[in-house]
Structure formats: C-alpha cells, structure tokens
Amino acid sequence: MSLGFPLLTGCGGSRTANVPPPVDDTRGGAAYSSSAPPQHQGLSKGQTGVLLVGAAALYYLYQHHKQSQAQGSEGQYYLSRNGRVYYRDAEHRAHYVTPPANGISVPSSEAQQYQGFQGYNNSPTGRDLSSVSNQAQ
C-alpha cells in the first residue's frame with residue numbers, strides 16, 4: 001500500500017498519511033480538559049439544578065460545542081459512529097472527550113433534553129450516545 005493513498009479513519013471520512021492518528025484522552029483517567037467547563041455555577045434562587053454525568057454530560061458537551069469556531073478542546077465537537085465525542089487539534093488529530101469527573105450542573109429546564117441518557121441526575125440507566133449516532137446516519 002502506498003502512503004499517497006488516503007486512509008480511512010474510525011471517525012468518518014478520509015485523511016492523508018500526514019495527519020497523526022487519533023488520541024484517546026480517556027485512557028489514563030484524563031477528564032474534560034477545558035479551562036472552564038460549561039457549568040452553571042450558582043443557580044438563581046428558586047431554580048433547581050440537575051447533575052449530568054457520563055453519557056448525558058458528553059451529549060451536553062457535544063451540543064454546546066458542535067457549532068464552535070474555536071480550536072482544540074474549546075472548538076467544534078463531533079459525534080463518531082461508535083457514539084464517542086471528539087474534537088480535532090491544530091494538527092487535525094482527533095481527541096476523544098471524557099466528561100468531567102464531578103459532572104456538570106445545569107438548570108433543570110436546560111437539562112430536560114438529556115433526561116433519557118445514562119448519567120442524567122447521576123442515573124446509571126438510560127441511553128448511551130451510540131443510539132444518537134446511529135439515528136444521525
């Protein structure tokens with residue numbers, strides 16, 4: 001096989017041989033690496049919060065970054081065919097995202113769309129992201 005031919009990746013699409021392979025930032029316990037995760041600290045009086053962990057937190061992060069124009073962990077997020085969320089760095093290398101270990105606290109009105117997912121209000125049951133990625137195809 002010649003190095004000049006495009007290689008297929010697990011994240012969809014093709015790439016040239018000069019793009020580094022994906023990085024699995026989830027191995028070794030690395031968590032969401034943003035300097036300021038999108039948490040809603042200090043909910044207003046009377047507003048109830050919901051804790052999103054696991055799949056629910058990942059889907060929340062994906063939804064909030066899928067239109068971003070920034071680069072790296074603050075940039076655009078993608079949902080792979082296997083239900084994993086990733087972003088690309090300046091070298092176009094894919095980095096898989098792990099939700100914050102402490103979860104993400106969001107107002108219950110905003111969290112309702114994540115109610116059916118594993119990790120909604122710390123629930124161990126529900127959908128994972130592979131069901132979302134399969135519906136998008």
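Remember, predicted model here, so these are calculated numbers, not experimental data. We number each residue from 1, following the sequence as shown.
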For [X] and [Y], work out which heavy atoms get closest and say how close.
{"X": "Ala55", "Y": "Leu129", "answer": "O-CD2, 3.9 Å"}
{"X": "Leu51", "Y": "Ser105", "answer": "CD1-N, 4.3 Å"}
{"X": "Glu74", "Y": "Ser68", "answer": "O-OG, 2.9 Å"}
{"X": "Lys66", "Y": "Gln76", "answer": "O-NE2, 2.9 Å"}
{"X": "Asn82", "Y": "Ser130", "answer": "O-CB, 4.0 Å"}

Verify, without hydrogens or angle tests, whether [X] (side chain) and [Y] (backbone) share a donor-acceptor contact under 3.5 angstrom.
{"X": "Asp89", "Y": "Glu91", "answer": "yes"}
{"X": "Gln118", "Y": "Gly126", "answer": "yes"}
{"X": "Gln67", "Y": "His65", "answer": "no"}

Ring center gap for Tyr86 and His95 short of 6.0 angstrom: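 No.
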Heavy-atom check, side chain of Ser73 versus side chain of Tyr87, under 4.5 Å: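 Yes, close enough: below the 4.5 Å cut-off.
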Close side-chain approach of Ile104 to Val53, heavy-atom, < 4.5 Å: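 Answer no - side chains too far apart.
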Partners passing ring-ring contact (aromatic ring centres under 6.0 Å, His included) against Tyr114 (at least two apart in sequence or in another chain):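 With neighbours one apart ignored, the set is Tyr59, Tyr60.
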Approximate separation, where rounding is to 0.5 Å, of Gln63 CD and Leu79 CG: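 Interatomic distance, Gln63 CD to Leu79 CG, rounded to 0.5 Å: 9.0 Å.
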Polar contact flag, side-chain donor to acceptor under 3.5 angstrom, Arg127-Ser131: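 Looking only at side-chain atoms, Ser131 and Arg127 do form a donor-acceptor pair, the distance falling under 3.5 Å.
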Val132-Tyr77 co-clustered via ILVMFWY side chain contacts under 4.5 Å: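 Linked, Val132 and Tyr77 end up in one cluster.
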Partner residues of Gln115 under the side chain to side chain contact (heavy atoms under 4.5 Å, CB included) criterion, sequence neighbours left out: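 Result, side chain to side chain contact (heavy atoms under 4.5 Å, CB included) vs Gln115: Gln112, Tyr120.
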Option from Leu58, Leu52, Val85 for which side chain to side chain contact (heavy atoms under 4.5 Å, CB included) with Pro99 holds: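 Only match with Pro99 under side chain to side chain contact (heavy atoms under 4.5 Å, CB included): Leu58.
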